[in-house]
Engineer: 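Once you've had a glance at the structure underneath, I'll fire off some questions.
Each chain gets a letter, A, B and so on, in the order the sequences are listed, and its residues count up from 1. In this text the structure is predicted, and so the values were computed from the model without any measurement.
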Amino acid sequence: MNKCRTALPTAGPSRYFRPMSSFDDMDAFEGASLSARAMAARPAPYLDDLNPAQREAVLQMDGPVLMLAGAGTGKTKALTARIVHLLMSGNARANEILAVTFTNKAAREMKERVGRMLGQQIEGMPWLGTFHAICVKLLRRHAELAGLKSNFTILDTDDQIRLLKQLLSLNNIDEKRWPARQLASLIDHWKNRAWTPSKVPASEAGAFNHRGTELYEQYQARLRELNACDFGDLLLHVVTIFQAHPDVLAQYQRWFRYILVDEYQDTNVAQYLWLRLLAGGHKNICCVGDDDQSIYGWRGAEVGNILRFEKDFPGAHVVRLEQNYRSTPHILAAASGVIRGNEGRLGKELWTQAEEGEKVRLIGHWDGEEEARWIGEEIESLQKGTRGLRQYSLDDIAILVRASHQMRAFEDRFLTIGLPYRVIGGPRFYERMEIRDAMAYFRLVVSPDDDLAFERIVNTPKRGLGDKAQQTIQATAREFGVSLIEGARIAVEEERLRGKGAGQLRMLCENLARWRETMLGPVLRPGEAEDSADVIDDEPAFLVGETRRGTPELSHMELAEVILDESGYTAMWQNDKTPEAPGRLENLKELVKALEQFENLQGFLEHVALIMDNESEEAGAKVSIMTLHAAKGLEFPCVFLPGWEDGLFPSQRSMDESGLKGLEEERRLAYVGITRAEELCTISFAGNRRVFGQWQSALPSRFIDELPEAHVEVLTPPGLYGGGYGAAAAYGGGSGLETRAAEANVYNSPGWKRLQERSSQRPVSQPRESRNTVIDLQAVSAFEMGQRVFHQKFGYGEITGIEGDKLEIAFEKSGVKKVVARFVHAEDDVPF
DNA sequence: AGTATTGTATTTTTT
DNA sequence: ATACAATACT
């Protein structure tokens, strides 16, 4: 958290109370002077380049507003312009606007853009941030109302799981049958719905072997003991406080004169309640979102929130942003064609003035590797700018996959052909083991009571403290009712532990105490107090009870290095021979470097708990590989969408678990994917894919069916080596396809059928070096039960079932599988 | 106490 | 296939 000088609304018994008059000081500081002057001088230049819909969304300041912003319609621009307008018109001061986003990235971006639009750096907008970041601020101030101290720690998922595991074993629950992770997601799910343990409805009583609510209650109690919060709590506690203390709520309702919400379609129940409570007075709430881009249902988001907006806020102004500034008409048409399949949309029709451009390209491949190979080659030729397409930089190109395991094929391929790529998403910096370990040391120095941190590092590096020793520590701590670190000290003192471990443990405890002293700095005699640490309003946590400290002789960065060295942690990795050790040391160095931007360890820890991202981007153009989820909000001139096969996309699991609702979310994912593309969008699928080490064949995605024909061009794969793979013919080669289309009753796969029809109308248009070998498949429709057949990947087998164009075959080597008839050959028709 | 081995699960992910 | 975690060895 950077230290913004936040003016605080008055807040009960909190020590952060500030008299009202100080808000006026904030004014001068935060841009009130700017508004009057600027309004007179230039009549709202920020309004000039808005289109009518955007302008309406900006000018309609009072009352509820729902901004339905389709993909690429300038939503962020409108949102930031609205903030600027609120400020410039004098309707609100920077610290009276509550603007919430989901991600830190979005918050950062908005801050930047507001600053840029204002044409001056404003120090303000203290209440622009993620739901969680804002909730932390609120909760720190009212912690006591939630049974916490204001310096509570925020647990990450790791700590959470560890805690739950302890709880489970305490309850003699078999962690095998009832995994802690499952309990964690259950509790998370409940928290997302704003259910405290007592409010979990009876219908959920059966959850987790009928112990769910009970364990939830224990978990919450344990968190309170630890003075800790998980992510869900941040919202839940604040909502609970608002509900139980109308006076506190009323203060904030008055204070936040205008509320803005980004990505409203992603809000869960807790967030929805939070917003509704805060907007309850004046109802000056502007929600921005797109029901068609709701893709987080699986983690508690309720599309219903956005669909219901007009009911929740009667008289709401609904503004539709439909002019798209991102994609070509073909791409938009393809996207609309797909999303049309969903029921109960609020309905938007995107349009654009852009030139027609390329059609969406569609191509099928033999298997996943072939798909990756083709895309690799395609990217190389896009880089060169062949075939009348413009030249693209690798930075312009993205590959968006449904599930992260699909990335591997591309990484493998790109590594072998030496194509630079970057994977977006994936495990983040602060989630890496070495970083968490290091952070646990820091946490322990900052708050010696942090038992979870202690557990993490007690025996890292190895100190000869195994299960038994750790149990002794636990027992001692419990006996004396003290923290683990204190328990450890006592256990050593009383010689409950002996030998090598005890010595090491003593050293650890002494070290921790010494580091803490170093951090706190020398104790000054009264009167000697240094230039009053007129302390940071935003970060009360670490100052509790620690006044009159002088300046430490070590900077917090030096201290961090000392901690890592003296604890033996650095040495542990230096002695490690595994190939990842150097990288980990590198990461540790980076961690220390990251400290630079903070005033102290505490500030850093707070930041990391919430931010958890670290964008260290190496230079050089690279292709981006990411999941569709990670791609939301991004755009690329050129997008590849591989793996459009039924079962993979739409994901089978999603459909099994959530039925039509799941399918519709998958469809929105398809919509998000297509609308990421500015100029060129290439969809592909593979007939065969290795899933969990087993080869499986699949049908083209049903979404392919839904692509409007007029906007799609079917490409032919570049064949697969003459005489090599006969199946190449199934996909490629004009005339062959046409002939087979005539006997098409076997080709019943929905997507496939249409694909063929199109193909026959429009002979292949991309004759790259024509390596295609057209091998006519014969008698594909002539399969019979019991027939002996051959399959490229699975070898020989016998047909045990026929369903449409799918055959069930008992293969001699690879067992029973369902495969598409197209890939199967009669025994005497092996295409070699 | 630390390592080897076996077993098992395997969408999507922010905070 | 493969990673990761929990049990089984040394």
Engineer: In this structure, how many angstroms lie between the P atom of C:dC4 and the CZ atom of A:R432, rounded?
Structural biologist: 13 Å
Engineer: Do the side-chain N or O atoms of A:R408 get closer than 4.0 angstrom to the phosphate oxygens (OP1, OP2) of C:dA3?
Structural biologist: yes
Engineer: Do A:F685 and A:H365 have their ring centres less than 6.0 Å from each other?
Structural biologist: no
Engineer: Atom CZ of A:R177 and atom P of C:dA6: how far apart are they, to the nearest Å?
Structural biologist: 17 Å
Engineer: Does the side-chain ring of A:F692 sit on the six-membered ring of the B:dT10 base, less than 5.5 Å centre to centre and under 30° in tilt?
Structural biologist: yes
Engineer: Taking 4.0 Å as the cut-off, does a side-chain nitrogen or oxygen of A:N459 come that near to OP1 or OP2 on B:dG2?
Structural biologist: yes
Engineer: What is the nucleic acid contact for A:S651, judged by heavy atoms within less than 4.0 Å: base, sugar-phosphate only, or nothing?
Structural biologist: base
Engineer: In terms of the nearest nucleotide of DNA chain B, which residue is placed more toward the 5' end: A:L465 or A:R653?
Structural biologist: A:L465
Engineer: For A:R299, is there an ion pair with A:D188 - N to carboxylate O distance below 4.0 angstrom?
Structural biologist: no
Engineer: Any salt bridge linking A:K632 with A:D266? Criterion: basic side-chain nitrogen under 4.0 Å from a carboxylate oxygen.
Structural biologist: yes
Engineer: When you measure from the side-chain N and O atoms of A:K165 to the phosphate of C:dA6, is any distance below 4.0 Å, counting only OP1 and OP2?
Structural biologist: yes
Engineer: Rounded to whole Å, how long is the line connecting atom CG of A:D576 with atom C1' of B:dT3?
Structural biologist: 14 Å
Engineer: In whole angstroms, how far is the C1' atom of B:dT15 from the NZ atom of A:K191?
Structural biologist: 13 Å
Engineer: Separation of A:L400 atom CG from B:dT11 atom C1', in whole Å?
Structural biologist: 15 Å
Engineer: Using whole Å, report how far CD of A:Q694 lies from P of C:dA1.
Structural biologist: 8 Å
Engineer: How far does the P atom of B:dT12 sit from the matching atom of C:dA5, given to the nearest Å?
Structural biologist: 16 Å
Engineer: Could you work out which one of B:dT11, B:dT15, B:dA1 sits closest to the side chain of A:K468?
Structural biologist: B:dA1
Engineer: Base, sugar-phosphate or nothing for A:Q470? Non-hydrogen atoms, less than 4.0 Å.
Structural biologist: nothing
Engineer: Taking the ring centre of each residue, are A:W274 and A:Y272 less than 6.0 Å apart?
Structural biologist: no
Engineer: Of all the choices, B:dT13, B:dT15, B:dT3, which nucleotide is nearest to the side chain of A:L610 once you look at every atom?
Structural biologist: B:dT15
Engineer: Is there a Watson-Crick or G-U wobble partner for B:dT11 with both distances under 3.5 Å, and if so, which one is it?
Structural biologist: none
Engineer: Using the six-membered ring for Trp and the full ring for Phe, Tyr or His, decide whether A:W298 stacks on the six-membered base ring of B:dT12 (centres under 5.5 Å, planes under 30°).
Structural biologist: yes
Engineer: Please report the distance, rounded to the nearest Å, between OH in A:Y296 and P in B:dT15.
Structural biologist: 9 Å
Engineer: If you only use heavy atoms from C-beta on, which nucleotide in B:dT13, B:dG2, B:dT12 is closest to the side chain of A:S404?
Structural biologist: B:dT12
Engineer: Given atom CG of A:D174 and atom C1' of C:dA6, what is their separation to the nearest angstrom?
Structural biologist: 12 Å
Engineer: Taking the minimum atom-to-atom distance to the side chain of A:K462, which one of B:dT3, B:dT13, B:dT15 wins?
Structural biologist: B:dT3
Engineer: Where the side chain of A:H629 is concerned, which of B:dT12, B:dT15, B:dA1 is the nearest nucleotide?
Structural biologist: B:dT12
Engineer: Just to be sure I understand the rule, does A:E175 reach a base, reach only the sugar-phosphate, or reach nothing, if contact means heavy atoms closer than 4.0 Å?
Structural biologist: sugar-phosphate
Engineer: Is it the case that A:R193 places NZ or CZ above or below the six-membered ring of A:W190, under 6.0 angstrom from the centre and within 45 degrees of the axis?
Structural biologist: no
Engineer: Could you tell me whether A:D266 contacts a base, only the sugar-phosphate backbone, or nothing, with contacts defined as non-hydrogen atoms closer than 4.0 Å?
Structural biologist: nothing
Engineer: How long is the gap from OG on A:S658 to CD on A:E666, to the nearest 0.5 Å?
Structural biologist: 9.0 Å
Engineer: Need to verify one output field. Residue with the more 5' nearest nucleotide on DNA chain B, A:G464 or A:K176?
Structural biologist: A:G464
Engineer: Below the 4.0 Å mark, does B:dT11 have OP1 or OP2 next to a side-chain nitrogen or oxygen of A:T627?
Structural biologist: no
Engineer: For A:H189 together with A:W298, are the ring centres under 6.0 Å from each other?
Structural biologist: no
